[in-house]
Every structure is written in C-alpha cells, then in structure tokens.
Amino acid sequence: MPQWRGMTGGSDNAQQMVGRRLDSSFSMLIPVGSEVSAAKLAMTESVAARLDGTVAAASGTFKSRLRTDYDKLALLQKKELQLDSDLKSASAANNQYAAQVRKRINEIGAARIRQLETAIQKTTDKYQPVFATYDALRDSADLAKSLGNKELAAAIRKQADGMKPAIELARADIRNRKEQLTAAKREIAKQKSGIRDMLKETDAVKNGSARSEKRSRL
C-alpha cells in the first residue's frame, strides 16, 4: 500500500520489495470484476501466511506499523464475521417467530366464535318446538278455512295469534345472538388486521436494515 511504502525504517529497496509483496498479498484478499460488491474480505490461511512473511521481511518502524495494521485487519475481520453470524441468527429467529405469529393469527377469537355459534344453535333448537307448534296451528287454520269450517278456522287462528308474543321473543333472542356473533367477527377481524400491519412494519424495518447493510459493503 502507498502509505506503507512511504514509511521510514529500512532501505528504499527493502520497502519497495515489501510493498510489492504486500500488494500481492492484499490482491488475494480483494476480488475483481463484478464480484467486488458481493464478496467479503477473506483472510485465508495462505493469505495470512504470506502476510506473515511480508511482515517478517520488513524492518524497524515499518515492520512495527505493518504488524499493527495487520493485527487490526485480522481483528476487524473477526468482528465482522461474528457480527454476520449474530445477524443471521437473529434474522432466523425473527423469521421463525413471525411465522408462528402469522400461524396463530388465524386462531385469534376462534374459541369465542365457536362458543357464539354453539349458543345460536342451542337457542334455535330450544325454540324449535314453539316455531313448529305455531306453524302447525296456522296450517290447520288454513286447512279448516279451505274446508269451509270458518268457526274451527277462527278458533285455531286465535290459538296461533296467542303464540305470537312467544314467537317474537324467540326470534328476538336468536337475532340478538346472531348480532353478537357478527360483532365478535368484526372485532376479531380488526385485531387480526392490526397484528398483520405490525408484522408488515417489522418486515419493512428488517428489509430496510438489510438493504442498508448491503449498501455499506458495496
């Protein structure tokens, strides 16, 4: 490197020789062509051995500074590799957690929905005999009327009319339970949507961090 070749300590020829060896060693660290943006600094054993030889061939202050820079380079690379490993581990854990959350989103409120649906069915079944009796009386009144027996038809119709308050209460009870189910579904859908929006924001932050990291290495 030019800044090293200009350091004092040793003859010019020795420094030039060391500089050439240093350039040769570092050229093995730096990929060429289109791979530059994607590749990482790789301190292989062979490169490390050549750099050790280059440092050994240096002398005086130049050797000391070269050793310091070499050690710094190795330390920085070690830290970078550790950081990469930590980031990958964190990303994998985050992806796994997000997958679990997305899977559980569909389970939100499921028990409550089933409970309300069961309540509707039980309520409907409870009132079914009342509805059946009411319908039977009306059908009987219509039949008596069609046969010309107006008095019987009127008597049966009166019985059916007497059941109307009970019929209205039964229908109101069922309608109220259905409205509860509709409201619960709306509330649960809102909760699910809020969680999905949070996950989208998390993905956006994660993707932004990944792009920033990639640009920093270009």
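Reckoned from all heavy atoms, side chains included, excluding hydrogens, waters and symmetry mates. Numbering of residues begins at 1 and proceeds along the displayed sequence.
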*Give a yes or no on whether Lys192 atom NZ has more than 12 heavy-atom contacts from other residues, nucleotides or ligands under 6.0 Å away.*
yes
_So Asn149 and Lys145, do their side chains get closer than 4.5 Å, heavy atoms only?_
no
_Approximate separation, where rounding is to 0.5 Å, of Gln82 CD and Leu87 CG_ = 10.0 Å
*For Thr124 and Ile120, indicate whether the former's side chain and the latter's backbone hold a donor-acceptor pair under 3.5 Å.*
yes
*Walk me through it: do Ile195 and Ile108 pass the test side chain to side chain contact (heavy atoms under 4.5 Å, CB included)?*
CA-CA 11 Å; Ile195 296 175; Ile108 294 176; 3.3 Å; yes
*Please report the shortest heavy-atom distance between Ala141 and Ala153, naming the atom on each side.*
O-CB, 3.5 Å
_Check: Ala136 main-chain N/O paired with Ser140 side-chain donor or acceptor under 3.5 Å_ = yes
_Within-4.5 Å side-chain heavy-atom neighbours: Ile105 and Gln191_ = no
*asked:* Looking at Lys164 and Asp161, is any side-chain nitrogen of the basic one under 4.0 Å from a carboxylate oxygen of the acidic one?
replied: yes
_Between CG on residue Leu169 and OH on residue Tyr127, distance to nearest 0.5 Å_ = 7.0 Å
*Knowing that exactly one of Asp142, Leu137, Leu152 qualifies, which makes a side-chain contact (heavy atoms from CB on, under 4.5 Å) with Arg157?*
Asp142
*asked:* Would you say CD of Gln180 has more than 12 non-hydrogen atoms from neighbouring residues, nucleotides or ligands within 6.0 angstrom?
replied: yes
*Could you give me the CA-CA distance, side-chain angles and deciding distance for Arg177 and Asp173, then say whether salt bridge (charged side-chain N to carboxylate O under 4.0 Å, His left out) is met?*
CA-CA 6 Å; Arg177 294 184 183 277; Asp173 192 5; 3.4 Å; yes
*asked:* Measuring from atom CG of Leu116 to atom OG1 of Thr182, what distance do you get when rounded to the nearest 0.5 angstrom?
replied: 9.5 Å
*Are Glu187 and Lys190 ion-paired here, with the side-chain N under 4.0 Å from a carboxylate O?*
no
*Could you give the distance from CD (Gln128) to CG (Asp135), rounded to the nearest 0.5 Å?*
8.5 Å
*Atom CD of Gln100 with >12 non-hydrogen neighbours under 6.0 angstrom*: yes
_Atom pair CD1 (Ile174) and CD (Glu179), whose distance is rounded to the nearest 0.5 Å_ = 12.5 Å
*asked:* Could you report the tightest heavy-atom contact between Ala170 and Phe131, atom names first, then the distance?
replied: CB-CZ, 3.7 Å
*When rounded to the nearest 0.5 angstrom, what distance separates CG in Asn106 from CD1 in Ile188?*
12.0 Å
*For Val130 against Met163, the heavy-atom pair lying closest together*: O-CE, 3.5 Å
*Report the C-alpha distance between Glu80 and Asp84 in whole Å, list the side-chain angles of each, state the deciding distance to 0.1 Å, and finish with yes or no for side chain to side chain contact (heavy atoms under 4.5 Å, CB included).*
CA-CA 6 Å; Glu80 181 183 6; Asp84 286 344; 4.0 Å; yes
